[in-house]
Every structure is written in C-alpha cells, then in structure tokens.
Amino acid sequence: MGVLVSKDSRVLVQGITGRDGSFHTKLMKEYGTNIVAGVTPGKGGEMFEGIPVFNTVVEAVDETGADVSVIFVPARFASSAIFEAVDARIKLIVAITEGIPVKDMVSIMRFAEDKGSRVIGPNCPGIITPGECKVGILPASIFKKGRVGVVSRSGTLTYEIVSHITAAGFGQSTALGIGGDPVIGTRFVDLLELFRDDQQTEAVVLIGEIGGSDEEDAARYIKETNYPLPVFSFIAGRTAPKGKRMGHAGAIISGSSGTAQSKIESLKEIGVKVAKIPSEIGRFLKEEFDAG
Amino acid sequence: MGVLVSKDSRVLVQGITGRDGSFHTKLMKEYGTNIVAGVTPGKGGEMFEGIPVFNTVVEAVDETGADVSVIFVPARFASSAIFEAVDARIKLIVAITEGIPVKDMVSIMRFAEDKGSRVIGPNCPGIITPGECKVGILPASIFKKGRVGVVSRSGTLTYEIVSHITAAGFGQSTALGIGGDPVIGTRFVDLLELFRDDQQTEAVVLIGEIGGSDEEDAARYIKETNYPLPVFSFIAGRTAPKGKRMGHAGAIISGSSGTAQSKIESLKEIGVKVAKIPSEIGRFLKEEFDAG
Amino acid sequence: MKIHEYQAKKIFEKVGISIPKEGVATSPEQAMGVARDIGLPVVIKAQVHVGGRGKVGGVKLARTEEEVKEFASMILGMDIKGLTVRIILIGQAIDIERELYLGVITDRGSNRPVIMVSTEGGVDIEGVAKKTPEKIHRFTVDPAYGLLPHQAMNLAFSLSSEVKETRKIATTLQKLYQAYIVADASLAEINPFVLSRDGNFYAIDAKVVLDDNALFRHPDYEKMRDFTHTEKIEQEAKERGLSYISMDGNIGCVVNGAGLAMTTMDVIKHFGGEPANFLDVGGSSDPQKVRHALQFLLIDEGVKSIWFNIFGGITRCDDIALGLVSAVDELGIDLPLVVRLIGTNEKKGKKILAESGLDIHTVETMEEGAKTAIRLSEGRK
Amino acid sequence: MKIHEYQAKKIFEKVGISIPKEGVATSPEQAMGVARDIGLPVVIKAQVHVGGRGKVGGVKLARTEEEVKEFASMILGMDIKGLTVRIILIGQAIDIERELYLGVITDRGSNRPVIMVSTEGGVDIEGVAKKTPEKIHRFTVDPAYGLLPHQAMNLAFSLSSEVKETRKIATTLQKLYQAYIVADASLAEINPFVLSRDGNFYAIDAKVVLDDNALFRHPDYEKMRDFTHTEKIEQEAKERGLSYISMDGNIGCVVNGAGLAMTTMDVIKHFGGEPANFLDVGGSSDPQKVRHALQFLLIDEGVKSIWFNIFGGITRCDDIALGLVSAVDELGIDLPLVVRLIGTNEKKGKKILAESGLDIHTVETMEEGAKTAIRLSEGRK
C-alpha cells in the first residue's frame with residue numbers, strides 16, 4: 001500500500017541519459033523500482049541499462065504503459081518536459097529539477113488540472129514507498145516499510161527526520177518531499193487526504209518550513225475534517241531572518257506572513273505536537289504508539 | 001416547451017442602449033420576451049424601457065438572475081462582451097453581431113467549454129420559441145407555435161422557409177439561425193440532439209448552405225443515432241461558384257469541400273428529403289403528417 | 001483577404017522564420033537589379049492570387065543576367081487563369097535536398113487551429129490529402145495553451161528522425177503558429193519548407209489568408225491589398241454595404257440576406273434561367289443601398305431583366321420600394337423589373353410601387369418571381 | 001531579484017503604462033540637468049532596495065534649481081536602513097487628485113496570478129490589508145486566458161464609477177499584467193497609480209520583483225542588478241553553487257540542504273548558541289565547494305567554531321571529508337571544527353577525517369553537534 005507509488009507503478013524517466021538522470025535511474029532500479037522507459041529526444045531506439053529509450057513521452061506511454069514519470073531534465077527544458085508528460089496523460093509526475101521559472105509552473109499546473117495529472121515538485125527529492133518503489137533521489141538506506149506517512153517541503157531535513165523515525169522503531173508507509181518552490185503541484189493538504197485513505201498509514205509526520213501558508217492550510221484542514229490520524233510536525237526556520245531567501249525560492253518570510261511562529265502556533269492550536277528539534281519526532285511516535 | 005428559450009428565460013441584452021440593441025429590445029419586449037436587464041458600461045443605474053441597466057454582466061446576473069444574454073455590441077467590442085457573459089455563467093448566449101474576428105471566437109468557444117455556456121452565433125438572427133420567447137432580430141409575424149423544429153445557417157432564407165412551413169399549416173417548436181461564420185458556437189448536430197429530446201418537436205427542418213461540413217456531420221449523426229424524427233432539408237448555393245465568398249465568411253466552397261452537391265448527397269443517402277426549392281419544404285411536411 | 005507570397009513571407013520573417021534572400025520587381029530592369037543583389041542563380045515567380053502558376057510558366061530558374069531579363073519580361077504581363085501578372089518575386093535559388101509541408105488552418109469542425117505537416121512538400125497538398133491521407137499528420141491546437149514545444153516536436157518527429165532537424169522543424173512550426181496568431185490569419189502555410197543540401201531550412205513558398213473580420217486590428221495590412229478587376233468591383237460593393245459577385249447569366253437579382261440570395265440564384269437555375277449575379281443588400285433599410293445595388297447590376301451588360309426578391313425582417317419593404325422607385329428614375333433603367341416584396345411593411349411597399357407608375361411585375365412567391373424574370377429576359381438582346 | 005523603481009518603470013513604459021517624465025542621476029549636477037529637461041517642480045527619490053524611504057527623508061519635492069541641488073546632495077549618500085543611496089530618480093511633480101493601488105502577484109495558495117486593487121493607494125498596502133481588508137479587491141487570473149478585458153473592467157468599477165476612468169484603469173491593469181508576464185515577475189505593483197488634477201493617470205511609483213529562475217530568458221536584466229554589500233557576498237556564494245546568508249552569531253555552519261541548514265541554525269539557538277550564518281552547500285559532491293564554503297564563513301570574523309552538519313544522500317560523505325581536509329590545510333584554519341557525517345559513504349568519510357591528523361570533533365547527532373559547537377565557541381575571542 002502506501003500512497004501514489006507502489007510496486008505496480010510503471011515508471012518513465014525523462015532525461016534518462018543526462019548526468020543526474022542516468023545516475024539515479026541506476027539507483028532506482030537497484031531499489032527495485034519498475035522503470036519501464038526513458039525519454040531523451042534524439043536517442044529513441046537506444047537502450048539504457050536494459051531500459052528502452054524513446055524520442056517522445058507519448059511513444060513511451062504507448063509502448064510501455066508508463067503511468068509515473070520522473071523529470072531529470074535541466075531547468076531550461078524541464079517545463080516543456082512536464083507539459084509533455086501531462087499531455088501524454090501520465091497520472092503522476094515527479095519533478096526533481098530545480099530552477100524552473102515560476103510562470104511556467106503556473107501554466108503547467110493549469111494544464112495538469114485540465115488533463116487530470118498530479119505533479120509533485122518541482123525542486124523536490126521525490127517519493128518512496130519503502131520496499132516497493134522509489135522515484136527520485138532519496139537515499140534508500142534510511143527508509144523502512146511501516147506505518148508513518150511522511151511529507152516534507154525539504155530534502156535532507158526529511159532524511160534527518162526519517163532517520164529518527166526509523167531509529168525509533170517505526171517504518172514509513174510513504175515518504176516524500178513536495179518541493180521548495182513557491183508554486184508546487186502537490187501540497188500538505190493533498191497528502192493528508194491521501195494518507196487518511198491509506199490502510200497502511202497510522203500517523204502522519206509533516207515537515208514544514210518558513211514561507212507560504214501551507215502549514216496553516218494543513219492545520220485548518222486537520223481541524224475542519226476532524227482528521228482521524230495523529231499528526232506530528234517539525235517546522236524549520238524559527239531563527240530565519242525576515243526578507244531573506246533561505247536557500248530556495250519558497251523559503252522566505254515576506255512581510256508578516258510565512259513565519260515559523262505562525263505555523264507552529266496554527267498547528268499547536270489544533271492539537272498537533274510540534275517538535276522543537278528533529279529527534280523529538282521519534283519520541284512523539286513512541287509516546288503515541290506505546291500508549292495506544 | 002421547445003428548446004433553449006422559453007417563457008421562463010430571463011433575458012439580458014448586452015449593448016441595450018446602442019442603435020440595434022435598443023430597437024430590438026423594444027421588439028423583443030413587445031413579443032413578450034422576459035427581458036430582465038441590460039448592460040452598457042457607464043450607464044449602470046439607468047433604466048431603458050423599464051429595464052434596469054448595469055455596468056457589468058456579473059452585476060446584472062447577481063441582481064436579476066438573467067440566464068440568457070443577447071449580444072448587440074459592435075464587432076470590435078463584441079468578443080469581450082461574450083467573454084464577459086460566459087464568465088458570469090450565463091448559460092445561453094445569442095451573438096447577433098456580425099464581423100467578430102474568427103480568432104476571438106476560437107478563444108471564446110474554448111472558454112465557453114470550460115465554463116459550460118452555450119453560444120449561438122455569432123452573425124446570426126437569433127432564436128424564437130413561438131408564443132413564448134424571441135431572442136434576436138427574427139420577424140415575429142411569420143412564426144406560429146407548433147411541432148416543427150427549424151435550424152438554419154442563414155437569416156432571411158429561414159424566414160422564407162418558415163413562411164412556407166406556416167403557410168402549409170405547421171407551426172414551429174423552436175426556430176433559430178446558428179450563424180454564417182466559420183467558427184460558431186452551436187451546430188446542426190447540437191440542435192438535432194436538443195430537438196430529439198423535446199416533447200413538442202415532431203419533425204426537424206435543417207436549412208443548410210455551401211461551406212464547411214456541418215450538413216455532412218448532421219447526416220452522419222442522423223444515421224449513427226438512428227435519429228427518431230423525420231428531417232427535411234434545403235441547401236442553398238447549388239449554383240454558387242467555387243472560391244467565392246457568398247456574402248458571409250462561412251459560405252465559401254474551398255477546394256473540393258463544402259459544395260452543395262456533397263451536402264445534398266450526404267443527406268439524401270441517409271433518407272433525408274432535400275427540397276429543390278424552398279416551397280417544397282411545406283409539401284414534404286404535409287406528406288409526412290397527412291400520411292401519418 | 002488573400003495576400004501575395006512575398007507579403008506572406010514578410011509576415012513570416014517578422015516571427016523569425018528563415019526565408020531565402022529575395023526581392024520584388026515590376027519591371028525586367030528592376031528584376032536584374034534585385035538578381036544582382038542576391039547573386040545568381042535566382043528563381044523568378046509570378047505574384048498572383050491563384051495557384052498552379054508553375055504549370056503555366058509563371059515560375060522560372062534564371063542562371064544568367066540575360067535569363068533574368070528574358071524570364072522577367074516573359075512573366076510580367078502574363079495571364080494566369082484570367083489574372084495579369086504585375087509583380088514578380090526574385091529569390092535566391094536553393095539547392096533542394098528535401099521538401100516538406102507545414103501549415104496552420106482554422107478548423108471549422110473543432111473550432112480550433114489545426115497544424116498539418118507532411119513529408120510531401122512542394123506539391124498540391126489537397127491532392128496529397130486525397131490520394132495518400134496517411135502522409136498528412138494533423139494536430140489540433142488547444143487555443144488556451146497554443147502550440148506547445150513538445151507538440152511541435154512530436155509533429156517534427158513524424159517528418160524526420162534526426163533530432164537536429166526535428167528541433168529546427170519544431171521551432172519553425174511554433175513560429176508559424178505565432179505568425180498565424182499575430183496576423184489573425186485563417187491560413188498560414190509554408191509549402192515547400194525546404195531542407196537545402198547545405199543543411200539549412202527555408203520557407204521557399206508561403207501562403208497566408210487573413211481574416212477580414214480582424215483587419216481593423218491591422219491597419220498596416222490595408223496596403224497589402226492587390227485586387228483583380230473583379231475583386232475591385234466586389235470590394236467597392238462591400239464598401240457600400242453590399243455583397244456582390246458577378247456571374248455569367250442574364251437575370252440580375254437584388255436580394256436581402258446571403259442565404260436567400262444564393263437560393264434566388266438556385267431557383268432561377270431550377271426553372272431554366274441563368275442568374276447574372278449574387279447580390280445581397282444586407283439587413284439594412286437604407287433606400288440609398290438599392291440605388292447602389294442597381295448601379296453594380298448595370299455594370300454587367302448581359303443583364304436582361306431584374307428581379308427584386310425581398311423578405312422583410314429588419315429590412316422594411318417600404319424602404320426598398322422607395323429606393324427602387326427613385327433609383328429606376330435616376331438611373332433611367334429600361335429593363336423589365338420583377339419585384340417580390342414580403343414581410344415587414346409589405347403593404348406600404350406594394351402601395352409605393354403601385355403608385356409610382358413604373359412598369360413593375362409584382363409577384364408573390366419565389367417561384368413566380370423566377371419564372372417571370374426568366375420569361376421577361378427571353379427574346380431581349 | 002529586486003530592481004529599482006526607475007528600472008521597474010522602464011519595464012512598465014515598454015508595455016505602454018504612462019509614467020511621469022523622469023530621469024536618474026548619481027550626482028547633484030546631473031540631477032539639475034535632469035530637472036531642467038523635465039521642468040520644475042520635480043520630486044527627488046532615493047533608489048534603494050528597501051521600503052519606507054519617504055519616512056526617513058529619502059523623497060523630496062524640489063521647487064527651484066537650488067532645491068534640486070540641495071536635496072540631491074542630501075539624498076545621495078544617505079543611509080536608509082543600512083543601505084547607501086547611490087542613485088536618485090528625478091521625476092515630474094504630479095498634482096494629485098486621487099491615489100490608487102494596482103498590483104499583480106503570484107499567489108502560492110492558488111498557484112495563479114492574483115490582481116489586487118485598492119482605492120487606498122500611496123500607503124503601505126500590507127497595512128491596508130490588515131486594517132481594512134474590505135478595501136482591497138482581489139481577482140485570481142486563469143493563466144490559460146490571462147486577464148480578460150471585462151475582468152479588468154470589473155476590477156476598475158470597484159475603484160471608480162466614472163466609465164472614462166474605469167476604461168483607463170482597466171487598460172492599465174491589462175498592461176500591468178502583461179508586464180508581469182513578459183518580465184517573468186513574481187510581483188508587479190503600481191503604488192500609487194495617480195489620477196492627476198488635469199485628468200490623467202500616472203504610475204508614480206513602481207515595484208517589480210523578478211523571478212530568479214527565469215533570468216536566463218532575460219539576459220538584458222543582468223545589467224539591472226544593483227547589490228548591496230551583503231547581497232554581493234550572497235550572490236558570489238550563489239555563483240559558486242552555495243546558498244549563504246550572514247547572521248549575527250559566532251557558530252559557523254556548513255550544511256547540505258536548505259531545510260537542514262535552517263534546522264541547524266534552529267538547533268544551535270535551541271541549545272543557547274548563536275549561528276553565524278545560513279550555509280547550504282547544495283546537493284553536489286564537489287570537494288571544491290567545501291573550500292568555497294569555508295572561505296565565505298571566514299569573511300565573518302565573529303565565527304568562533306565551525307560545525308559541519310552533513311546528511312549524505314546525493315552528497316557523499318567521503319567527498320565532503322576530502323574537501324574539508326584539504327581546505328583546512330590550504331586555508332590554515334585554526335578554529336575548532338565539529339563534524340557530523342551521516343548517510344552515503346559515511347564510513348569512508350569518517351576514516352578520511354580520522355587519518356587526516358586534524359583536530360576534529362566528530363559527533364553523531366545534531367544535538368551533540370550543536371552542544372559541542374557551542375561549548376567550543378565559548379571562551380574564544
């Protein structure tokens with residue numbers, strides 16, 4: 001089980017012959033991900049690590065029935081690659097690429113709505129359903145199959161927290177990073193909904209950071225839907241200065257909105273336990289499940 | 001009954017204070033059409049013939065619940081007016097205006113699809129459900145309530161043929177012109193479907209002309225759906241020369257397509273009686289209903 | 001509005017489509033100057049608003065200055081399907097490796113732009129569509145997003161498997177779509193789109209049809225008008241609010257509405273007559289228009305009888321009658337006049353005619369009108 | 001990327017938004033020349049990348065040439081919130097009747113552009129949004145269609161009921177949206193949009209924030225960069241693939257990943273320490289980057305201890321260790337070094353450190369790392 005990707009996912013790699021694409025295709029394949037096709041315009045007909053390469057996504061889909069695509073295409077061409085995946089009716093598109101113009105993402109999201117595709121990212125580490133399928137660049141070794149759903153706006157911070165979850169004796173149903181840009185395809189609320197409907201998931205860890213109002217929206221959603229699963233959270237950036245972009249375009253406190261304080265308070269108010277330091281997440285889970 | 005417009009239609013006139021708009025608003029009102037509002041930007045708050053005028057369509061809809069709009073706005077501003085009506089969720093928009101750029105209509109039709117509006121026209125005489133509602137510029141006197149649905153690509157030719165239908169003793173359920181432009185909002189096939197589902201309509205008269213392939217499409221539709229009502233047709237332009245635009249942008253035989261011959265044959269092939277001269281339509285109806 | 005090849009190429013050039021070096025000329029001397037600037041050999045092409053100029057000698061390859069002069073003299077003034085060549089295009093001769101077809105057209109069926117591409121460039125594309133439809137690849141554009149890069153690329157891969165070529169073709173397709181959009185065209189076509197032996201792509205021939213309804217947004221296009229004699233008359237009629245097309249017959253018709261005007265012609269033919277024209281006076285009630293209509297009718301000396309077929313709606317019959325009476329008077333028309341007036345203010349109109357003292361054959365139906373007009377036209381020279 | 005008011009106005013001018021006559025100057029003499037060209041009175045405005053310049057005397061109305069000279073001298077070189085004014089804008093003084101606010105921003109919630117307008121122009125719009133939210137009218141644009149004319153008109157009617165004014169406001173809104181689109185902006189704002197006493201509209205002040213991700217499409221924007229000293233350092237770091245922001249504390253951090261880097265700062269603070277910086281070396285494994293990172297850290301003389309917090313994923317711990325060892329050597333660093341290496345090639349990395357002979361405090365967890373770095377920073381000057 002888990003959400004979005006599983007052993008049944010048929011994964012296409014866009015930019016499979018590029019530097020990052022080829023490296024991570026090998027790692028994903030090693031993990032057991034069912035990679036059925038790659039796309040690099042001009043290399044159609046070739047093979048890469050036993051995987052057929054196509055010129056266009058529509059051909060790849062026609063020939064292999066791919067239903068998940070992961071984007072390793074460089075920033076300048078990445079938006080066109082995502083458009084192509086959406087147009088070919090790929091249901092789930094995981095955009096790893098960093099640096100895609102925000103305006104392009106605005107158009108892509110409009111197009112994806114029209115066509116019924118879900119985009120994760122861009123500028124994200126990907127998604128893993130441990131023991132089944134890894135799509136992206138997450139380090140496989142720290143993950144373990146289990147009952148905690150993990151969703152994060154960050155990359156390495158996710159690994160940090162997942163390592164505490166695993167160390168505390170809990171595995172993950174699915175873990176993913178949703179990306180650090182202002183305009184992203186999938187948000188906390190979407191994942192909360194998916195995790196709620198997943199049999200395997202018994203708790204959700206929500207890793208937020210400064211910027212935007214995704215955490216506040218999640219808090220509202222948890223309250224309004226009387227969310228049935230326990231949710232634990234960590235918010236990065238309590239010491240971040242106002243008006244400074246902390247690494248990626250989404251992490252910026254602009255004016256009075258987007259502070260860690262606002263997010264932490266919104267979550268605490270509705271009963272979500274918010275960790276002060278990453279290791280606390282492990283403790284929270286132990287308390288929850290040792291008591292229950 | 002009838003289709004699309006009825007005594008329950010709440011009609012808005014866009015361009016109500018203009019030359020054509022004001023003249024035909026009076027005639028429509030005389031006919032008994034329930035005109036609830038008018039729009040002319042800058043004249044919001046005024047009254048015209050007892051009808052409240054608004055600055056914007058969205059206000060007019062909010063205040064009066066208008067659900068049909070008729071466009072008398074001059075060509076340069078007409079596309080914006082139709083966009084506005086669609087955006088305000090007007091369900092039926094009848095565009096009388098002639099000379100709207102085709103590219104604008106392409107965008108409008110895409111927008112209307114998104115929002116769920118139906119557009120009739122542009123460059124059309126409008127629609128009438130005799131005895132109930134007239135929206136447009138059709139001369140009221142020739143129409144009579146009855147059982148024949150009339151749909152036409154033309155204006156005065158419609159009147160000619162309706163007068164024969166009426167003279168032959170038959171009334172009309174609804175009669176309308178769908179417009180003479182290459183890109184129009186509603187086509188023969190749409191009307192055939194509506195007339196089929198209308199209790200009052202027992203036969204359909206389809207008035208075509210050279211250009212495009214609407215008549216051929218209608219023939220295919222009639223055949224494929226095993227259309228339950230008798231359909232009679234007249235096609236104008238048997239003697240029209242190739243490559244010459246006959247009056248409006250839609251009526252042109254380009255290359256080998258769009259000839260009257262092709263249309264007539266397509267219809268005859270599937271058993272539709274095609275009149276050689278307009279008066280024959282009256283005779284066809286008599287034969288049909290006197291026999292039945 | 002149809003425009004010439006060289007004008008279409010100007011529109012293409014603005015969006016960055018590469019065209020061969022070229023220039024226009026209206027005299028052999030000018031042609032030689034242009035050819036000198038470009039460098040020999042050059043191709044000389046007649047600029048006329050009809051297809052098939054190549055088959056009748058309207059396109060020539062000139063290898064020497066003498067040939068430029070010779071062919072330019074030959075083509076200028078040439079008659080192609082009734083049109084006189086007044087402008088020629090002198091273009092760099094391209095060494096052709098392959099010829100493709102690229103086109104964008106507004107599709108009436110889908111209400112959307114459709115891109116068409118084919119490896120069978122350089123020939124009549126309608127012929128290809130009929131004989132080998134599988135050789136034409138179509139793509140319907142969603143106007144909300146335009147032609148997206150990958151869509152252009154997918155089309156390009158149906159023309160070539162070389163990624164270098166497909167990128168160039170895809171880019172050109174996007175530019176062609178852009179030209180179609182910015183020009184408010186109903187058709188924009190490159191045929192052939194040529195790959196030269198030295199590896200470059202060129203739009204060798206270009207066709208653009210502009211949407212008349214959108215010309216108000218392009219005041220600069222007005223100067224591209226180049227009407228034939230017939231088109232000039234039609235345009236003059238249009239400027240007076242009339243839609244007029246000359247035909248070969250002898251019965252002049254004045255009708256309100258395009259559909260009814262076509263039907264009027266059909267009915268005349270049905271009863272064995274020959275219409276002299278299509279003439280739609282439109283939906284207005286301006287008596288002046290009737291006079292203009294008759295003036296256009298009378299340009300055609302073959303007209304032997306005149307039939308007014310008016311179904312009043314917005315058009316009021318009394319206005320038509322008034323216009324008719326004064327025009328016949330002013331213009332001194334002595335042809336037989338058949339008049340059918342029906343609809344709005346019908347009685348008033350008939351009364352005006354009756355009281356005018358003119359010799360008018362009033363009829364009640366189209367059939368009667370057609371038969372009467374035919375009968376009256378017979379026996380007249 | 002932030003740009004100056006005068007640069008934003010250039011972008012606005014290109015799409016046809018009307019702005020007052022104006023010019024920039026970097027000296028009082030230049031300012032007088034500009035003022036002469038424009039005609040007195042003029043407004044002199046400091047060009048700095050922070051708000052609130054008016055409150056501290058960075059905006060002055062000059063009625064005479066003497067005043068131009070006086071105020072220009074006063075404002076040039078002025079310190080506004082830590083930034084030195086080096087450029088001033090001299091603009092035609094407009095006789096103000098009414099001040100409106102017009103803005104377009106990319107909204108993260110809806111993933112769409114949002115138009116905001118208000119009758120409360122000329123003041124801090126965030127303040128208006130807080131105190132009187134009903135005075136701000138918002139409209140979410142569907143990116144598939146852009147801002148349609150009637151939508152701009154509907155917004156304009158919320159600012160005025162005079163149709164002449166609403167047409168001008170609506171047109172400006174459409175142009176503002178166009179500017180936002182063509183410039184790949186994340187914010188485009190006119191505040192105030194002024195109706196002058198003689199009935200014209202002007203964009204008196206302008207703000208545009210450009211999307212850094214899209215700058216590759218606008219090579220011409222590069223010359224608009226005007227960094228403060230701090231921003232320059234941040235930009236230099238960025239060019240080396242690092243994300244660096246200087247802070248007030250004394251513990252220098254080198255982290256991979258933005259979220260983890262923020263958390264590292266938070267954890268230091270949690271245990272009572274003060275981070276000297278945010279520093280993200282990104283996802284690469286280039287040992288060179290480690291050296292660059294340390295170089296940036298050392299610009300800050302307040303750093304008393306250095307903490308490497310690396311969670312290997314794509315980043316490999318051995319690469320980090322190699323880079324660290326060689327950099328410490330090359331740069332001659334004698335500050336206490338705390339290193340946490342975990343994840344990909346962790347063992348290899350630890351081995352390299354152990355064998356290096358460097359005095360490194362190896363830790364296993366973030367807590368331990370923070371505590372150690374704090375302890376080691378204490379007592380050092």
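Chain letters run A, B, ... following the sequence lines, proteins first and then strands; every chain starts at 1. Reckoned from all heavy atoms, side chains included, excluding hydrogens, waters and symmetry mates.
- Top candidate by heavy-atom pairs under 4.5 Å with chain A, chosen from Asp142(D), Leu279(D), Val255(D), is Asp142(D).
- When Asp184(D), Leu242(D), Thr365(D), Thr106(D) are compared by the number of non-hydrogen pairs under 4.5 Å with chain A, Asp184(D) comes out ahead.
- A distance of 12.0 Å separates CD of Glu368(D) from OG of Ser279(A), quoted to the nearest 0.5 Å.
- Within the 4.5 Å cutoff, the side chain of Ile277(A) has heavy atoms near those of the Phe271(D) side chain.
- Using a 4.5 Å heavy-atom threshold, the side chains of Arg245(A) and Phe278(D) count as separate.
- Residue Ile235(A) touches chain D through its backbone alone, counting heavy-atom pairs closer than 4.5 Å.
- You'll find the side chain of Arg238(A) stays beyond 4.5 Å of the side chain of Met262(D), heavy atoms only.
- Heavy-atom distances place the side chain of Ser163(A), and not its backbone, under 4.5 Å from chain D.
- Among all heavy-atom pairs drawn from Pro278(A) and Thr263(D), the shortest one is CG-CG2, 3.5 Å.
- Within the model, atoms OG1 of Thr239(A) and CE of Met265(D) stand 3.5 Å from one another, a figure rounded to the nearest 0.5 Å.
- Among Gly237(A), Ser107(A), Pro139(A), the residue with the largest count of heavy-atom pairs under 4.5 Å with chain D is Gly237(A).
- If you measure heavy-atom distances from Tyr180(D) to chain A, you find no contacts under 4.5 Å at all.
- For Lys207(D), the NZ atom counts as loosely surrounded, since its 6.0 Å shell holds 12 or fewer non-hydrogen atoms of other residues, nucleotides or ligands.
- Enclosure of atom NZ in Lys115(A) by more than 12 non-hydrogen atoms of other residues, nucleotides or ligands within 6.0 angstrom is indicated.
- For chain D, the nearby part of Ser154(A) is the side chain; its heavy atoms alone come within less than 4.5 Å.
- Summarising the geometry of Ala236(A) relative to Gly259(D), their closest heavy-atom pair is CB-O, 3.8 Å, with the distance given to 0.1 Å.
- Of the atoms belonging to Ala144(D), heavy atoms from both backbone and side chain fall under 4.5 Å from chain A.
- Interface residue Glu113(A): only side-chain heavy atoms are found under 4.5 Å from chain D.
- Contact count versus chain A (heavy atoms, under 4.5 Å) is highest, among Ile268(D), Asn256(D), Asp107(D), Ile310(D), for Asn256(D).
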Set out, in order, the CA-CA distance, both residues' side-chain angles and the distance that settles side-chain contact (heavy atoms from CB on, under 4.5 Å) for Met366(D) and Glu160(A), then state yes or no.
CA-CA 9 Å; Met366(D) 281 186 84; Glu160(A) 174 76 32; 3.4 Å; yes
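- With a threshold of 4.5 angstrom between heavy atoms, Phe234(A) approaches chain D through side-chain atoms but not through N, CA, C or O.
- Heavy atoms closer than 4.5 Å to chain A are found in both the backbone and the side chain of Ile181(D).
- Atom CG of Asp266(D) and atom CD1 of Ile210(A) lie 9.0 Å apart (nearest 0.5 Å).
- Of the listed residues Asn111(D), Thr264(D), Asp280(D), the one with more heavy-atom pairs under 4.5 angstrom with chain A than any other is Asn111(D).
- Nearest heavy atom pair, residue Gly257(D) against residue Thr156(A), reads CA-OG1, 3.3 Å.
- In Asp248(D), the CG atom is not crowded: 12 or fewer heavy atoms of neighbouring residues, nucleotides or ligands sit closer than 6.0 Å.
- When heavy atoms are compared at a cutoff of 4.5 Å, Leu27(A) does not approach chain D at all.
- By the neighbour-count criterion of 12 heavy atoms within 6.0 Å, atom OH of Tyr31(A) is densely surrounded, having more than that number from other residues, nucleotides or ligands.
- Considering all non-hydrogen atoms of both residues, Tyr145(D) and Arg110(A) come closest at CE1-NH2, 3.6 Å.
- In this structure, Val106(A) and Arg112(D) approach most closely via the heavy-atom pair CG1-CA, 4.2 Å.
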side-chain contact (heavy atoms from CB on, under 4.5 Å) assessment of Leu260(D) paired with Tyr159(A):
CA-CA 9 Å; Leu260(D) 194 61; Tyr159(A) 314 160; over 6 Å; no
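- In terms of heavy atoms, Pro101(A) sits closest to Arg217(D) at CB-NH2, 3.2 Å.
- Using a 4.0 Å cut-off between charged nitrogen and carboxylate oxygen, Arg108(D) and Asp214(A) do not count as a salt-bridge pair.
- Within the 4.5 angstrom heavy-atom criterion, no atom of Ser186(D) approaches chain A.
- Interface summary for chain D: among Arg153(A), Met109(A), Lys276(A), Arg76(A), the most heavy-atom pairs under 4.5 angstrom belong to Arg76(A).
- A salt bridge links Lys244(A) with Glu234(D); the closest basic N to acidic carboxylate O contact falls under 4.0 Å.
- Remark: Asp211(D) does not engage Lys103(A) in a salt bridge, criterion side-chain N to carboxylate O under 4.0 Å.
- The closest donor-acceptor contact from the side chain of Asn213(D) to the backbone of Ile100(A) lies under 3.5 Å.
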